[in-house]
Enquirer: 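Mind having a look at this structure? Questions to follow.
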Number of protein chains: 2
Amino acid sequence: MSEESHTSRPNPSAIPGAVVSRLSLYLRELQHLIATGKETTSSSQLGRRLGFTDAQVRKDLAHFGHFGHPGIGYKCVELIGEIRKILGTDREWQVALVGVGNLGRALLGYRGFVQQGFRIVMAFDTDSAKVGTEIEGVEVSHLSQLGEVLKAKKIELGMVAVPAAMAQSVTDEFVAAGIKGIVNFAPVTLQVPEGVSMVGVDLARELEQVTFTVANKLANLNDQ
Amino acid sequence: MSEESHTSRPNPSAIPGAVVSRLSLYLRELQHLIATGKETTSSSQLGRRLGFTDAQVRKDLAHFGHFGHPGIGYKCVELIGEIRKILGTDREWQVALVGVGNLGRALLGYRGFVQQGFRIVMAFDTDSAKVGTEIEGVEVSHLSQLGEVLKAKKIELGMVAVPAAMAQSVTDEFVAAGIKGIVNFAPVTLQVPEGVSMVGVDLARELEQVTFTVANKLANLNDQ
DNA sequence: CACTGTGAAATCGTTCACAGCT
DNA sequence: AGCTGTGAACGATTTCACAGTG
């Protein structure tokens with residue numbers, strides 16, 4: 001168990017995942033505040049709209065430095081910059097997409113990625129009807145080209161938008177090609193070696209979180 | 001890990017959100033095991049592939065009942081049934097979609113929803129070029145019809161796939177129409193009254209969780 | 001005997017409350 | 001006065017370890 005000094009970079013493995021997850025939310029909220037003309041905000045204002053306490057907002061940010069101004073609060077532009085530095089999005093990331101089906105095409109056209117500094121620069125599929133075409137300005141290559149292209153273009157992030165049965169083998173190819181992080185949209189748990197970051201997005205799972213709450217709310221009403 | 005609506009004041013058996021979230025993962029894994037011919041499994045087998053301890057799997061399930069068989073483990077089919085009952089997906093849920101852009105169209109065609117018991121039965125948009133057309137077998141209506149249709153068809157769940165600037169007003173219409181739960185794909189924090197469940201899916205945010213890990217892994221290597 | 005279910009202990013994350021700065 | 005940053009208290013979750021069971 002090692003103590004952290006507040007003068008040097010904190011060890012990221014000591015940062016709870018939940019904190020990082022909230023950082024993104026703070027960032028969106030700050031971007032919203034900027035868009036509505038606010039120049040400064042406070043931990044309580046930030047927290048209120050997101051459903052967190054003011055103390056939590058301050059504690060979260062305190063993991064990474066002293067970004068606030070006592071008596072004033074946080075300067076939006078400044079804090080946006082700091083959070084982007086922490087998240088690593090103070091620069092552009094190039095992303096490779098595998099799977100140009102319904103979902104893959106939607107990801108190619110999603111504006112939110114560009115707004116946050118992500119650019120899908122290459123897409124791959126095994127369907128020869130799709131290979132060679134261009135979608136949303138991005139050329140679709142055959143999956144067999146993946147390793148070669150990834151290395152040539154120095155792409156660090158990958159997105160998996162193929163059917164569940166193919167997801168693990170695509171992931172293995174990403175890993176073999178030296179990818180650093182993967183977002184997986186297939187509803188399976190992927191095995192990746194240590195050193196590769198993986199986040200899964202399972203759309204049906206999100207709905208299940210909602211139905212659980214709804215189903216149990218109804219059950220409660222019956223009880224009363 | 002995802003943000004959930006925090007509520008359930010008078011609920012004596014308050015289940016942590018993280019438990020519910022893992023339940024969906026157990027369900028996927030069990031479905032995978034069934035597909036590969038396994039009839040029974042154990043807490044340690046389930047946990048290993050998902051990255052949890054065996055104790056956690058057992059504790060999670062113990063919140064809801066005694067589903068295991070000492071000396072044997074869990075019968076896959078049986079446990080799948082129990083988890084679906086808990087999540088409320090032991091029946092079909094009808095879903096309304098607002099926003100038939102790139103992402104909305106992908107959601108309409110996503111097979112994973114039907115596999116888990118979700119059926120998008122109605123879609124809405126304000127674009128008159130889309131209204132009246134049929135996409136993936138679903139008719140697109142004008143957004144102004146939302147309340148009427150929702151009540152007539154007894155739809156309980158809504159999905160928001162419109163630009164960020166419109167998301168709150170669409171949500172307000174869902175709420176006014178008596179929807180029970182919402183999944184929001186716009187990168188904004190929506191305000192919903194108590195009694196309505198809300199889950200947000202922010203695609204760029206998922207990528208940010210990955211870049212944080214990648215960026216800090218690199219930073220550490222430089223330090224050493 | 002391999003496995004579950006579960007109190008008790010350990011760990012982790014959140015909130016409180018206040019010192020200190022502007 | 002208004003707000004941040006933070007040690008200390010608190011609460012929640014995870015892991016341990018083992019009694020109990022088919």
Side-chain angles (χ1 to χ4, degrees), chain A residues 1-7 10-23 25-26 29-30 33 38-48 50-76 78-79 82-83 86, chain B residues 1-4 6-9 11-23 25-26 29-30 33 38-76 78-79 82-83 86 209:
Chain A
M1 241 142 294
S2 61
E3 280 288 272
E4 281 173 25
S5 115
H6 38 48
T7 54
N11 180 346
S13 61
I15 306 291
V19 172
V20 182
S21 169
R22 285 191 297 265
L23 247 33
L25 295 177
Y26 300 152
E29 198 56 39
L30 287 162
L33 286 168
K38 298 269 179 191
E39 298 204 341
T40 67
T41 184
S42 64
S43 56
S44 52
Q45 184 179 36
L46 262 180
R48 195 174 321 116
L50 295 167
F52 307 133
T53 64
D54 56 339
Q56 176 142 71
V57 174
R58 293 198 300 275
K59 256 285 193 317
D60 283 349
L61 295 172
H63 277 104
F64 305 98
H66 297 203
F67 308 137
H69 304 274
I72 306 292
Y74 300 90
K75 299 184 183 174
C76 295
E78 193 179 277
L79 188 52
E82 296 290 351
I83 295 180
I86 296 164
Chain B
M1 246 153 290
S2 61
E3 260 47 49
E4 278 125 41
H6 39 73
T7 38
S8 70
R9 286 161 301 142
N11 193 341
S13 56
I15 306 293
V19 173
V20 182
S21 171
R22 285 191 297 264
L23 246 34
L25 295 177
Y26 302 152
E29 197 56 41
L30 287 161
L33 286 168
K38 299 268 179 190
E39 298 205 343
T40 67
T41 184
S42 64
S43 56
S44 52
Q45 185 179 35
L46 263 179
R48 196 176 318 116
R49 268 184 61 95
L50 295 167
F52 307 132
T53 64
D54 55 341
Q56 176 144 69
V57 174
R58 293 197 300 277
K59 256 275 174 10
D60 282 349
L61 296 172
H63 277 104
F64 305 98
H66 297 205
F67 308 137
H69 304 273
I72 307 291
Y74 300 90
K75 298 183 182 174
C76 294
E78 195 178 277
L79 189 51
E82 295 291 351
I83 295 180
I86 296 164
Q209 306 308 298

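Everything quoted here is computed from the prediction, not taken from an experiment. So you know, we letter chains A, B, ... as the sequences are listed, proteins then strands, and number each from 1.
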Enquirer: Pick the nucleotide of DNA chain C nearest each of A:Asp60 and A:Ile72; which residue has the one closer to the 5' end?
Expert: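 It is A:Asp60 whose nearest nucleotide is closer to the 5' end.
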Enquirer: Which atoms form the tightest heavy-atom contact between A:Thr40 and A:Gln45, and what is the distance?
Expert: O-OE1, 4.2 Å
Enquirer: Could you tell me the separation between the CD atom of B:Glu78 and the P atom of C:dC3, rounded to a whole number of Å?
Expert: 17 Å
Enquirer: With a 4.0 Å cut-off on heavy atoms, is A:Ser44 in touch with a base, just the backbone sugar-phosphate, or nothing at all?
Expert: nothing
Enquirer: Kindly indicate, with the supporting measurements, whether the criterion side chain to side chain contact (heavy atoms under 4.5 Å, CB included) is fulfilled by B:Leu50 and B:Tyr26.
Expert: CA-CA 8 Å; B:Leu50 295 167; B:Tyr26 302 152; 3.6 Å; yes
Enquirer: Can you see if the side chain of B:Arg22 gets near the phosphate of D:dT14 - specifically, an N or O under 4.0 Å from OP1 or OP2?
Expert: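 True: B:Arg22 side-chain N/O within range (under 4.0 Å) of D:dT14 OP1/OP2.
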Enquirer: At less than 4.0 Å, is any side-chain N or O atom of A:Thr53 found next to OP1 or OP2 of C:dT15? Yes or no.
Expert: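 Yes, A:Thr53 has a side-chain N/O under 4.0 Å of OP1/OP2 on C:dT15.
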Enquirer: Looking only at side-chain N and O atoms, does B:Ser43 come under 4.0 Å of OP1 or OP2 in C:dT4?
Expert: yes
Enquirer: Could you tell me whether the side chain of A:Lys59 has a donor or acceptor atom within less than 3.5 Å of a complementary atom in the base of C:dT15?
Expert: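 Checked by distance alone, the answer is yes.
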Enquirer: In whole angstrom, give the distance that lies between atom CD1 of A:Ile15 and atom C1' of C:dC12.
Expert: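 So the two atoms are 14 Å apart, to the nearest Å.
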Enquirer: Only one of B:Ile72, B:Val57, B:Leu30 forms a side chain to side chain contact (heavy atoms under 4.5 Å, CB included) with B:Thr41, so which one is it?
Expert: B:Leu30
Enquirer: Report yes if a side-chain nitrogen or oxygen of A:Tyr74 is closer than 4.0 Å to either non-bridging phosphate oxygen (OP1 or OP2) of D:dG2; otherwise report no.
Expert: no
Enquirer: Among D:dG20, C:dT6, D:dG2, which nucleotide sits nearest the side chain of B:Pro70?
Expert: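 Nearest nucleotide to the side chain: D:dG20.
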Enquirer: Could you tell me the separation between the OH atom of B:Tyr26 and the P atom of C:dT4, rounded to a whole number of Å?
Expert: 12 Å
Enquirer: Given side chain to side chain contact (heavy atoms under 4.5 Å, CB included), test A:Leu61 with A:Leu79 step by step and report yes or no.
Expert: CA-CA 9 Å; A:Leu61 295 172; A:Leu79 188 52; 4.1 Å; yes
Enquirer: Decide yes or no for A:Tyr74 and A:Leu33: does some side-chain heavy atom of the first lie under 4.5 Å from some side-chain heavy atom of the second?
Expert: no
Enquirer: Pick the nucleotide of DNA chain D nearest each of A:Arg58 and B:Val19; which residue has the one closer to the 5' end?
Expert: A:Arg58
Enquirer: How many whole angstroms separate atom CD of B:Gln56 from atom P of C:dA10?
Expert: 19 Å
Enquirer: Indicate whether OP1 or OP2 belonging to D:dT6 is found under 4.0 Å from a side-chain N or O atom of A:His66.
Expert: yes
Enquirer: What is the nucleic acid contact for A:Gly71, judged by heavy atoms within less than 4.0 Å: base, sugar-phosphate only, or nothing?
Expert: base
Enquirer: In whole angstrom, what separates B:Phe64's CZ from C:dG5's P?
Expert: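 Interatomic distance, CZ of B:Phe64 to P of C:dG5: 13 Å.
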Enquirer: In whole angstrom, what separates A:Phe67's CZ from D:dT6's C1'?
Expert: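 In whole Å, D:dT6 C1' lies 15 Å from A:Phe67 CZ.
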Enquirer: If I take atom CZ in residue A:Phe52 and atom P in nucleotide C:dC16, what distance separates them, rounded to the nearest angstrom?
Expert: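 So the CZ-P distance, A:Phe52 to C:dC16, works out to 16 Å.
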Enquirer: How is A:Gly73 classified with respect to the nucleic acid when contacts are heavy atoms under 4.0 Å: base, sugar-phosphate, or nothing?
Expert: sugar-phosphate
Enquirer: CG of B:Leu61 versus C1' of D:dT14: gap in Å, rounded?
Expert: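 B:Leu61 atom CG is separated from D:dT14 atom C1' by 15 Å.
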